[in-house]
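The next block holds one structure in the form of structure tokens; read it before the comments.
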Amino acid sequence: MAIHDNTESLVLDKAGLKVKPPEMYNVILLNDHYTPMDFVVDVLRKVFHKNPVEATKIMFEVHRRGKGLAGVYIYDIAATKIQQVDQMAKLEEYPLKCTLEKT
Ligand code: TYC
């Protein structure tokens with residue numbers, strides 16, 4: 001059982017041994033010309049648990065600048081989120097994509 005404070009500083013287990021914090025990954029949402037804005041907001045709400053205001057802000061950031069940060073997670077969670085986005089986009093035949101970036 002490891003104890004750490006989420007700041008990548010205090011990292012001792014019960015025996016007082018040093019434990020490495022997990023590597024974190026940015027999930028980056030990419031712009032395209034076809035996916036409807038409402039759908040992107042829906043994805044940000046369902047997959048990344050953003051509220052309507054935050055989801056809309058991120059969607060417009062991606063729309064204007066080409067990409068934007070959807071969330072930061074350990075590898076397995078980030079990879080699962082990407083699969084979920086792929087699955088939602090595929091069902092509607094939208095080209096929406098997101099990628100992983102090491103922090
Ligand atoms: N550019 C898209 C449009 O004008 C909207 C969009 C935003 C698509 C964000 C993808 O990740 C995205 N319909």
Side-chain angles (χ1 to χ4, degrees):
M1 171 58 141
I3 300 169
H4 67 83
D5 67 357
N6 277 338
T7 65
E8 302 193 12
S9 52
L10 176 62
V11 278
L12 301 178
D13 68 8
K14 274 188 180 166
L17 299 172
K18 283 185 186 169
V19 176
K20 273 194 193 160
E23 288 175 336
M24 303 301 283
Y25 292 82
N26 293 335
V27 176
I28 306 289
L29 199 57
L30 303 175
N31 191 33
D32 64 68
H33 297 311
Y34 301 102
T35 307
M37 291 180 174
D38 285 356
F39 181 82
V40 178
V41 171
D42 203 36
V43 166
L44 286 161
R45 296 194 63 194
K46 286 186 177 143
V47 178
F48 299 96
H49 307 296
K50 303 297 181 187
N51 66 43
V53 171
E54 187 65 13
T56 304
K57 208 175 121 187
I58 295 169
M59 184 281 294
F60 274 120
E61 166 87 5
V62 177
H63 177 69
R64 292 201 192 99
R65 302 167 74 126
K67 60 183 182 171
L69 183 64
V72 185
Y73 307 95
I74 59 169
Y75 181 83
D76 282 7
I77 304 290
T80 301
K81 303 265 178 208
I82 289 177
Q83 277 182 11
Q84 289 170 334
V85 173
D86 283 350
Q87 201 174 9
M88 284 180 74
K90 196 176 169 187
L91 274 174
E92 301 295 334
E93 301 188 341
Y94 293 141
L96 183 65
K97 286 283 163 227
C98 50
T99 60
L100 274 191
E101 188 180 79
K102 212 157 170 291
T103 59

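Each ligand, and each atom within it, is numbered from 1 in the order the structure gives. All residue numbers in this chain count up from 1 along the given sequence.
- Note that the CD1 atom of Ile82 and the OH atom of Tyr73 stand 10.5 Å from one another [nearest 0.5 Å].
- Every atom of ligand 1 with a heavy atom of Leu96 under 4.0 Å away is listed here by number and element: 10 (C), 11 (O), 12 (C).
- Here the side chains of Phe48 and Val85 are in contact, with some heavy-atom distance below 4.5 Å.
- Among all non-hydrogen protein atoms, the one lying nearest atom 2 (C) of ligand 1 is Asp32 O, 3.2 Å.
- Looking only at heavy atoms of the protein, atom 13 (N) of ligand 1 is closest to Thr35 O, 2.9 Å.
- Looking from atom 11 (O) of ligand 1 to the surrounding protein, the closest heavy atom is Leu30 O, 2.7 Å.
- Interatomic distance, CD of Glu92 versus CD of Gln87, reported as 12.0 Å (0.5 Å rounding).
- Salt-bridge check for Lys18 with Asp13: failed, with every basic side-chain N at 4.0 Å or more from each acidic carboxylate O.
- Distances below 4.0 Å separate heavy atoms of Leu29 from the following atoms of ligand 1: 11 (O).
- Lys67 contributes atom NZ, which lies 5.5 Å from atom CD of Glu101 (distance to the nearest 0.5 angstrom).
- Ranking the protein heavy atoms by distance from atom 8 (C) of ligand 1 puts Asn31 OD1, 3.4 Å first.
- The protein atom (non-hydrogen) at minimum distance from atom 4 (O) of ligand 1 is His63 CE1, 3.1 Å.
- Distance from atom 9 (C) of ligand 1 to its nearest protein heavy atom, with residue and atom name: Val62 CG1, 3.5 Å.
- Interatomic distance, CE of Met37 versus CZ of Phe60, reported as 4.5 Å (0.5 Å rounding).
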